[in-house]
Amino acid sequence: MNPDSETLPLTVRPELQVVYWSAAAVTAHLLESGLPYPGPWFKPGLANIFVLVAWMQLGWRAAIGVALLRVFASSLIMGTFFSPTFFLGLSGALAALLTMGVLGLTRLRIGPVGLSIPASLAHMTAQVFVAQELIIGHPGVFTALPWFLIGSWITGLFNGLVACFILQRLERGGLANSQEQGKVNWQRGSCASRE
Amino acid sequence: MTALETWTRCTHGADRWLALLCALLVIGACIETLGDSGEEIVVIRDAQAKETLWPLGRDTVTQVQGKLGPVQVEVRDRRVRLLEYRSPRLVGTMTGWIHRAGQVTACIPCGIVIQIKGNKAEKMTPAQDTYDGIIR
């Protein structure tokens, strides 16, 4: 641990951290939605980085809070609340959380990368299912699903690595170990090599 | 920091196994999709001449809007049939299942034509390659 963090521990209440990560997730989502992409299925899902960070640092309850706040707040800001887009986002977020929850139940030491890739695949799969039901209405879309999943695997890896960097920085700053809730999760599924 | 160092620093054994497992699943699904593309395809042409493609090997029941109302298209056990309800003579329904590449079933009053296309398509003579043959 950084010696400075022992003398000057950075303590932020967990509920405030949830708000910070949610704000970061909403900001990432809004920035991302303004960028051009080759198709609606190729967004990197940068907001999920902060869901991962909340999961690793504060636990599953905080991650659910961040994910749902992100979906609701960003849809309200973008004017897509209760539109098909909203349900796409919500279904993806819930599927990703469920996947992370199942992985969390195992006794494996899973870090953000190991959580992020399966969650990303679940996110995409759920979105395609909901898109088929609400928008496309034709099961032919499932033929393209495996190709969408290639993109999901790559973005899942990227998001996991970025989350890992953020967690390493937090750990160096003393924030990751400043909360008891974070300590448990961090030690179970740390991504960083101990230095 | 190299990519390998980044990977090593950010992952444990379980992470690597999960990443590999997910990659294999995705690659397997893609190969499965590619495998389908070499097989027969059902071409469903609706009343607006819009064509929809569907793998013959993937079971489904779907509805297509015809001129006389909805027409049901069923793909099952590598066969396809259409079921119309409001056609005067129900020729398409009575045609029953088709399963070989090159075969066609249609409901002309509804404007729905279904054809199986694929690598194994049998060479048809120009006389056979017409939809009028269905009604004859």
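For clarity, every value in this text was computed on a predicted model and none was experimentally measured. Chain identifiers are assigned alphabetically (A, B, ...) following the order of the sequence lines, protein sequences preceding nucleic acid strands; residue numbering begins at 1 within each chain.
Under the 4.5 Å side-chain heavy-atom criterion for Ile, Leu, Val, Met, Phe, Trp and Tyr, Leu94(A) and Leu76(A) are members of the same hydrophobic cluster. No chain of hydrophobic side-chain contacts below 4.5 Å, direct or via other Ile, Leu, Val, Met, Phe, Trp or Tyr residues, connects Ile154(A) to Leu24(B). With hydrophobic clusters built from ILVMFWY side chains whose heavy atoms lie under 4.5 angstrom apart, Met94(B) does not share a cluster with Val104(B). Under the 4.5 Å side-chain heavy-atom criterion for ILVMFWY residues, no single connected hydrophobic cluster contains both Met78(A) and Leu69(A). Criterion: ILVMFWY side-chain heavy atoms under 4.5 Å apart, direct or through other members. Under it, Leu103(A) and Leu58(A) are part of a common hydrophobic cluster.
Closest approach of Val26(B) to Pro146(A), counting heavy atoms only: CG1-O, 3.8 Å. Closest heavy-atom contact between Pro118(A) and Leu18(B): CG-CD2, 4.3 Å. The minimum heavy-atom distance between Asp15(B) and Gly111(A), with the atom names listed, is OD1-N, 2.7 Å. Of all the heavy atoms in Gln168(A) and Cys10(B), the pair that sits closest is NE2-SG, 4.2 Å.
Contacts between Ile150(A) and chain B at a heavy-atom distance below 4.5 Å involve backbone atoms as well as side-chain atoms. Only the side chain of Leu157(A) has a heavy atom closer than 4.5 Å to any heavy atom of chain B.
You'll find the side chain of Trp17(B) stays beyond 4.5 Å of the side chain of Leu108(A), heavy atoms only.
To the nearest 0.5 Å, atom OG1 of residue Thr11(B) and atom CG of residue Leu161(A) are 8.0 Å apart. Taken to the nearest 0.5 Å, the SG atom of Cys30(B) stands 7.5 Å off from the CG atom of Leu149(A).
Within 6.0 Å of the CZ atom in Phe86(A), the count of heavy atoms belonging to other residues, nucleotides or ligands exceeds 12. The number of heavy atoms from other shown groups lying within 6.0 Å of CZ (Arg61(A)) does not exceed 12.
Without hydrogens or angle criteria, Trp153(A) side chain to Ala19(B) main chain gives a donor-acceptor distance under 3.5 Å.
Of the listed residues (Leu145(A), Leu115(A), Leu121(A)), the greatest number of heavy-atom pairs within a distance under 4.5 Å of chain B belongs to Leu121(A). Options Gly28(B), Cys22(B), Gly13(B), Ala14(B) differ in how many heavy-atom pairs under 4.5 Å they form with chain A, and the most are formed by Cys22(B).
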